[in-house]
Amino acid sequence: MEIIRSNFKSNLHKVYQAIEEADFFAIDGEFSGISDGPSVTTLTNGFDTPEERYQKLKKHSMDFLLFQFGLCAFKYDCTHSKYIIKSFNFYVFPKPFNRSSPDVKFVCQSSSIDFLASQGFDFNKVFRNGIPYLNQEEERQLREQYDEKRSQSNGAGALSYVSPNTSKCPVTIPEDQKKFIDQVVEKIEDLLQSEENKNLDLDPCTGFQRKLIYQTLNWKYPKGIHVETLETEKKERYIVVSKVDEEERKRREQQKHAKEQEELNDAVGFSRVIHAIANSGKLIIGHNMLLDVMHTVHQFCCPLPEDIINNTSLAELEKRLKEAPFNPPKVESAEGFPSYDTASEQLHEAGYDAYITGLCFISMTNYLGSFLSPPKNHVPASSKLIEPFINKLFLMRVMDIPYLNLEGPDWNIQVSWIDDTSAFVSLSQPEQVQIAVNTSKYAESYRIQTYAEYVGKKHEEKQIKRKWPEDSWKEIERKRLNQCISCALQNHYYCTKSPTATSTGRKRKLSLSQAEAGSEARETSDLEFEQTDSCAEPPTEGRKKTKKFKKMKKDLSAAGSISDSSAKLFEVPDTW
């Protein structure tokens with residue numbers, strides 16, 4: 001059944017009846033987007049802890065809008081051995097109830113909108129005829145506004161410009177409003193004197209002026225008239241004054257109150273369905289429903305909660321559990337037993353630590369009781385609320401496995417860290433391996449490979465190292481010797497190229513550029529030098545080194561290390 005704003009009220013009883021009769025419900029939601037930052041695959045991955053997944057979705061998904069809510073109620077028919085289902089498809093949109101209502105802002109994600117459009121989603125039903133809603137805090141504020149308005153109309157409210165003794169008279173009306181109020185009073189007097197007219201429609205005015213009118217008439221005419229604010233087709237508000245007796249005035253006030261309650265219920269809108277589902281206490285199922293549940297709570301109930309316990313060390317935990325939303329329990333030592341004083345900490349004394357641990361347990365279990373309907377201030381140790389935590393030993397400083405289960409299978413993941421950034425992860429169910437590998441294909445911050453792939457790559461690396469041929473090692477040695485020769489020739493060249501050194505009867509300038517150094521060195525390597533400067537090497541030693549370098553070059557050329565092109569001699573070496 002399709003439910004929109006125009007048929008919501010007329011079908012609400014059918015929704016309530018389906019909820020009351022159902023054995024369980026299935027829910028699903030459609031959203032205007034999923035992630036306002038990272039891609040979906042980056043936002044959520046298979047290695048998130050529950051806390052990390054929750055925080056990611058809370059940060060990056062709650063600015064989107066859940067604008068279609070699916071509800072299917074299942075009831076088992078024992079007579080015919082089949083389930084009877086009642087399905088509802090709600091289009092919801094946070095249309096402002098009045099000028100003071102919250103003006104909800106939300107974002108859209110193009111990929112989500114495109115996907116829904118391709119599936120035939122009717123966006124006009126959302127934006128033009130979506131069912132409005134308020135969360136619990138917004139509903140509370142709106143009801144307070146109505147209560148204040150009603151008290152003002154009855155003359156019992158704490159109004160502006162009203163003296164402490166309200167029963168006597170209001171304080172002086174502001175100068176710029178005196179003329180306006182005097183004209184209203186004159187019209188009221190004429191109405192009361194007239195035998196024909198029963199009602200008077202005042203001109204549209206501001207909210208402040210309407211407040212002054214209510215204040216003045218409640219003081220001046222406590223009986224005999226009924227005052228009510230109405231709205232024109234153009235959404236302009238005006239006041240209607242009617243001559244009535246006391247019985248008629250009360251009847252109209254009751255009608256007005258009933259109308260206000262109906263308006264409030266209309267404003268709460270679709271949230272009434274969520275409240276009925278929650279109050280039923282029946283099983284709710286969904287497919288990958290974390291995001292559905294988070295949006296449902298966020299939009300129709302209350303803001304998503306923060307983590308309320310961030311530090312589990314005993315001292316910090318005890319301090320945190322003294323603050324809201326927790327309440328420290330009342331305890332008293334039995335007669336004949338010494339009492340502890342938490343004001344003077346005695347941490348790491350076994351008895352005191354046991355005492356503090358018990359206080360923390362009581363505070364946390366009682367906090368769980370606040371979620372029951374009706375809430376309970378005391379949750380006994382035998383309560384079913386505590387059963388999910390029984391025989392679970394918390395594992396401190398272990399991020400991957402939260403607890404050790406003493407009466408059932410443990411978590412099926414074991415992690416052995418190799419270093420700070422890599423680890424071996426073992427799964428008890430082999431079919432989960434491929435799921436993990438497929439998940440990592442789109443990851444940006446980590447990479448997964450199977451153990452077989454890991455071992456295979458390590459084997460390949462070893463094989464590559466072993467397959468180095470003997471010629472490759474000779475080539476490395478030739479390159480190393482080539483570098484030594486280059487360095488030696490360059491050193492000899494720069495040593496002999498002093499301003500007074502000569503070569504073939506002409507002087508050369510010392511060049512610092514690599515190209516020039518290589519060019520001149522090639523010339524020098526084939527020359528014999530005559531040293532004329534006293535600081536240069538003796539001629540005999542210079543000739544000996546030159547002959548030695550020529551011989552080394554000749555031997556290497558014969559081995560194929562140095563080509564005929566002398567440019568190879570001074571190339572930048574591959575390995576230093």
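Residue indices begin at 1 and follow the sequence shown.
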Hey, mind stepping through Phe8 and Tyr91 against side-chain contact (heavy atoms from CB on, under 4.5 Å) and telling me if it holds?
CA-CA 10 Å; Phe8 176 66; Tyr91 288 84; over 6 Å; no

Listed partners of Tyr451 passing ring-ring contact (aromatic ring centres under 6.0 Å, His included), at least two apart
Phe424

Apply side chain to side chain donor-acceptor pair (under 3.5 Å) to the pair Gln141 and Gln145, showing each step before the final yes or no.
CA-CA 6 Å; Gln141 293 177 359; Gln145 292 176 10; 5.6 Å; no

Check whether any side-chain N or O of Asn7 sits under 3.5 Å from a backbone N or O of Ile4 as a donor-acceptor pair, and report yes or no.
yes

Which is it for Phe74 and Tyr76 under the ring-ring contact (aromatic ring centres under 6.0 Å, His included) test, yes or no, and what are the steps along the way?
CA-CA 7 Å; Phe74 291 78; Tyr76 188 68; over 10 Å; no

Count the heavy atoms belonging to other residues, nucleotides or ligands that lie under 6.0 Å from NZ of Lys59, then report whether that count exceeds 12.
no

Please tell me if the side chains of His295 and Met62 come closer than 4.5 Å, counting only heavy atoms from C-beta onward.
yes

Is Ser61 reaching over with its side chain to a backbone N or O of Lys58, donor-acceptor style, under 3.5 angstrom?
no

On a heavy-atom basis, which atom in Lys256 and which in Val227 lie closest, and how many Å separate them?
NZ-O, 3.9 Å

Closest approach of Phe64 and Asp36, non-hydrogen atoms and distance?
CE1-N, 3.5 Å

Determine which pairs satisfy side chain to side chain donor-acceptor pair (under 3.5 Å) with at least one residue from residues 112-126, sequence neighbours left out, and list them in order.
Glu2-Lys125

Please test Phe115 against Phe31 for ring-ring contact (aromatic ring centres under 6.0 Å, His included), starting from the C-alpha separation and ending with a verdict.
CA-CA 11 Å; Phe115 172 77; Phe31 315 100; over 10 Å; no

Given Glu139 and Arg143, is the salt bridge (Lys or Arg N to Asp or Glu O under 4.0 Å) satisfied, shown in steps?
CA-CA 6 Å; Glu139 179 183 354; Arg143 292 189 183 278; 3.1 Å; yes

Shortest non-hydrogen contact from Arg5 toward Pro132
CD-CD, 3.8 Å

For the CD atom on Glu20, are there more than 12 heavy atoms of other groups (residues, nucleotides or ligands in this structure) within a distance under 6.0 Å?
no

Before giving the answer on side-chain contact (heavy atoms from CB on, under 4.5 Å), spell out for Phe93 and Phe67 the whole-Å C-alpha distance, their side-chain angles and the decisive distance to 0.1 Å.
CA-CA 6 Å; Phe93 186 74; Phe67 46 39; 5.6 Å; no

Any side-chain heavy atom of Glu262 sitting closer than 4.5 Å to one from Lys9?
yes

Under the 3.5 angstrom rule, does the side chain of Ser32 hit a backbone N or O of Val107 as a donor-acceptor pair?
yes

From Phe25 atom CZ to Leu283 atom CG, the distance as rounded to the nearest 0.5 Å
9.0 Å

Test item: Gln299 side-chain N/O and Leu65 main-chain N/O as donor-acceptor pair under 3.5 Å
no

Cut-off 3.5 Å, no hydrogens considered: what does the side-chain donor-acceptor table look like for residues 264-278, sequence neighbours left out?
from: Asn265; atom 1: ND2; to: Gln261; atom 2: O; distance (Å): 3.3
from: Ser271; atom 1: OG; to: Leu134; atom 2: O; distance (Å): 2.6
from: His275; atom 1: ND1; to: Ser271; atom 2: O; distance (Å): 3.4

Run the ring-centre check on Tyr403 versus Phe394 and record whether the distance is less than 6.0 Å.
no

Would you check if Phe24 and Lys282 make a side-chain contact, meaning some heavy-atom pair closer than 4.5 Å?
no

